[in-house]
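Hydrogens, waters and symmetry mates are skipped; everything else that's a heavy atom, side chains included, is used. Index from 1, following the sequence. Just so it is clear, the model here is predicted, and its values are computed rather than measured.
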Amino acid sequence: MKSSCTTLKINRANTTQYNKKVIFIQNKKHTISNSPHPILFLKQAMEKTKKISFKIYPNDRIGKVSIAGGKETPLYIRVVHNRYPRYFKSPYFDLLSEKRYRSTTGKMGKSIMEQIEKKEKALFEFMMERQRNNYDFDAFKAKYLYYATDLLSKMEPLLFSFLSTFFEDRGQPSLSAILREGYRSEIGESVLTDLQSTLKPPIYARLAENAVHYAPPSIPVYAFCRQREPAAAPLFSVMDWENEDTREELLDFVKNHYPDYSHSLEVYMEELINCL
């Protein structure tokens with residue numbers, strides 16, 4: 001009996017009683033119990049089987065790049081479907097190797113690679129839960145990159161524009177000019193942390209109050225990421241928002257710690273995702 005599933009084996013010890021047949025599809029055991037249509041059962045079992053494998057690996061064909069205060073070989077992803085491999089760059093490695101993350105990842109060393117692998121594996125599992133039988137690599141890759149999109153990064157230009165305007169209104173045009181393009185060299189969390197430790201408390205309190213009305217919800221989302229993973233680079237992806245448990249955890253956190261954002265954050269996040 002021929003099949004497109006190369007690991008298929010059928011126990012032919014009993015060719016007349018279906019209840020003693022056992023089949024293995026991709027090393028998974030299936031027992032046919034009193035089935036009048038063994039071929040139909042076989043087809044259904046094969047359709048339900050995930051035929052996609054996934055691996056994260058360092059691409060030694062490419063030179064090392066700067067990340068987390070050192071040099072590392074770029075990570076790539078190999079996706080195999082029906083024994084046919086396809087490849088693409090790890091979106092998390094690509095993001096965290098940007099120079100604006102240096103102040104955040106500089107002290108993380110090798111642990112940054114562990115964080116990247118953890119993120120990629122979680123994303124693949126998320127994708128597999130939503131994968132249908134009509135697999136297409138280009139569609140899979142497009143969806144993978146979409147769900148990996150970091151929403152905090154998408155907020156950065158508007159956050160830095162707000163900070164620039166805030167200091168321009170305070171009569172500090174030089175600082176305003178530096179902040180206007182600051183998102184290209186630093187992430188918002190680092191700048192906000194420095195401002196909080198440098199500005200007088202009433203000034204920073206006014207900045208935080210204005211941010212509720214004139215800036216994206218970067219402040220509460222950064223705080224949420226830091227609370228969840230204190231030693232990791234702060235990332236909050238489309239996958240995180242689409243994950244019902246994580247989304248509810250964020251909304252509860254904001255309601256308890258940043259109540260001024262509790263009515264606007266969900267609307268903002270949905271609008272941001274719709275613009276991707």
Q.
Would Leu235 and Gln115 count as a side chain to side chain contact (heavy atoms under 4.5 Å, CB included) here? Give the steps.
A. CA-CA 11 Å; Leu235 301 175; Gln115 180 188 354; 4.1 Å; yes
Mind checking whether [X] and [Y] have side chains closer than 4.5 Å, heavy atoms only?
X      : Y      : answer
Phe224 : Leu251 : no
Leu207 : Leu163 : yes
Arg228 : Thr246 : yes
Val238 : Tyr146 : yes
Leu192 : Tyr204 : yes
Ile62  : Tyr76  : yes
Phe167 : Ile178 : no
Asp94  : Phe88  : no

With a 3.5 Å distance limit and no angle check, can you tell me whether [X] reaches the backbone of [Y] through a side-chain donor-acceptor pair?
X      : Y      : value
Thr165 : Ser161 : yes
Tyr144 : Glu120 : yes
Thr198 : Leu195 : no
Arg180 : Leu175 : no
Glu156 : Gly188 : yes
Ser176 : Gln172 : no
Asn59  : Leu75  : no
Arg247 : Trp241 : yes
Asn274 : Glu270 : yes
Asp240 : Ser237 : yes

Give, for atom [atom1] of [X] and atom [atom2] of [Y], the distance between the pair rounded to the nearest 0.5 Å.
X      : Y      : atom1 : atom2 : answer
Asn243 : Leu250 : CG    : CG    : 11.5 Å
Glu181 : Glu186 : CD    : CD    : 14.0 Å
Lys118 : Glu229 : NZ    : CD    : 4.5 Å
Leu145 : Lys89  : CG    : NZ    : 11.5 Å
Lys143 : Met239 : NZ    : CE    : 14.0 Å
Lys64  : Glu72  : NZ    : CD    : 6.5 Å

Which pair of heavy atoms, one from [X] and one from [Y], lies closest together, and at what distance?
X      : Y      : result
Phe93  : Ser90  : N-OG, 3.0 Å
Ile67  : Leu96  : CG1-O, 3.7 Å
Lys99  : Arg184 : CE-O, 3.7 Å
Pro230 : Arg226 : O-NH1, 2.8 Å
Ala208 : Ile219 : CA-CD1, 4.5 Å
Tyr268 : Pro217 : CD2-CD, 3.3 Å

Under a 4.5 Å side-chain heavy-atom rule over Ile, Leu, Val, Met, Phe, Trp and Tyr, are [X] and [Y] clustered together?
X      : Y      : answer
Tyr57  : Leu123 : no
Val212 : Leu199 : yes
Val80  : Ile77  : no
Ile203 : Tyr214 : yes
Leu276 : Leu152 : yes

Q.
For Ser66 and Arg102, which I'm curious about, is there any donor-acceptor pair between the side chains at under 3.5 Å?
A. no
Q.
As a quick check of understanding, evaluate side chain to side chain contact (heavy atoms under 4.5 Å, CB included) for Tyr92 and Ile112, giving each step before the final call.
A. CA-CA 10 Å; Tyr92 287 109; Ile112 191 68; over 6 Å; no
Q | For Phe126, ring-ring contact (aromatic ring centres under 6.0 Å, His included) partners two or more places apart | A | Tyr147
Q. Among all residues two or more places apart in sequence or in another chain, which pass the ring-ring contact (aromatic ring centres under 6.0 Å, His included) test with Phe124?
A. Phe54
Q. Between Tyr258 and Tyr261, how do the two ring planes meet: parallel, tilted or perpendicular, split at 30° and 60°?
A. perpendicular
Q: Walk me through it: do Met269 and Phe236 pass the test side chain to side chain contact (heavy atoms under 4.5 Å, CB included)?
A: CA-CA 11 Å; Met269 297 293 270; Phe236 192 85; 3.7 Å; yes
Q: Could you go through the ring pair (Phe, Tyr, Trp, His ring centres under 6.0 Å) check for Phe137 and Tyr84 one step at a time?
A: CA-CA 10 Å; Phe137 173 77; Tyr84 180 57; 8.5 Å; no
Heavy-atom neighbours of [X] [atom1] exceed 12 at 6.0 Å:
X      : atom1 : result
Tyr135 : OH    : yes
His263 : NE2   : no
Glu248 : CD    : yes

Q: Check the pair Ser153, Tyr101 against side chain to side chain contact (heavy atoms under 4.5 Å, CB included), reporting the backbone distance first and the verdict last.
A: CA-CA 11 Å; Ser153 296; Tyr101 282 93; 3.2 Å; yes
Q: Any chance you could lay out the salt bridge (Lys or Arg N to Asp or Glu O under 4.0 Å) test for Arg130 and Glu242, step after step, and finish with the verdict?
A: CA-CA 12 Å; Arg130 289 155 177 77; Glu242 294 293 336; over 6 Å; no
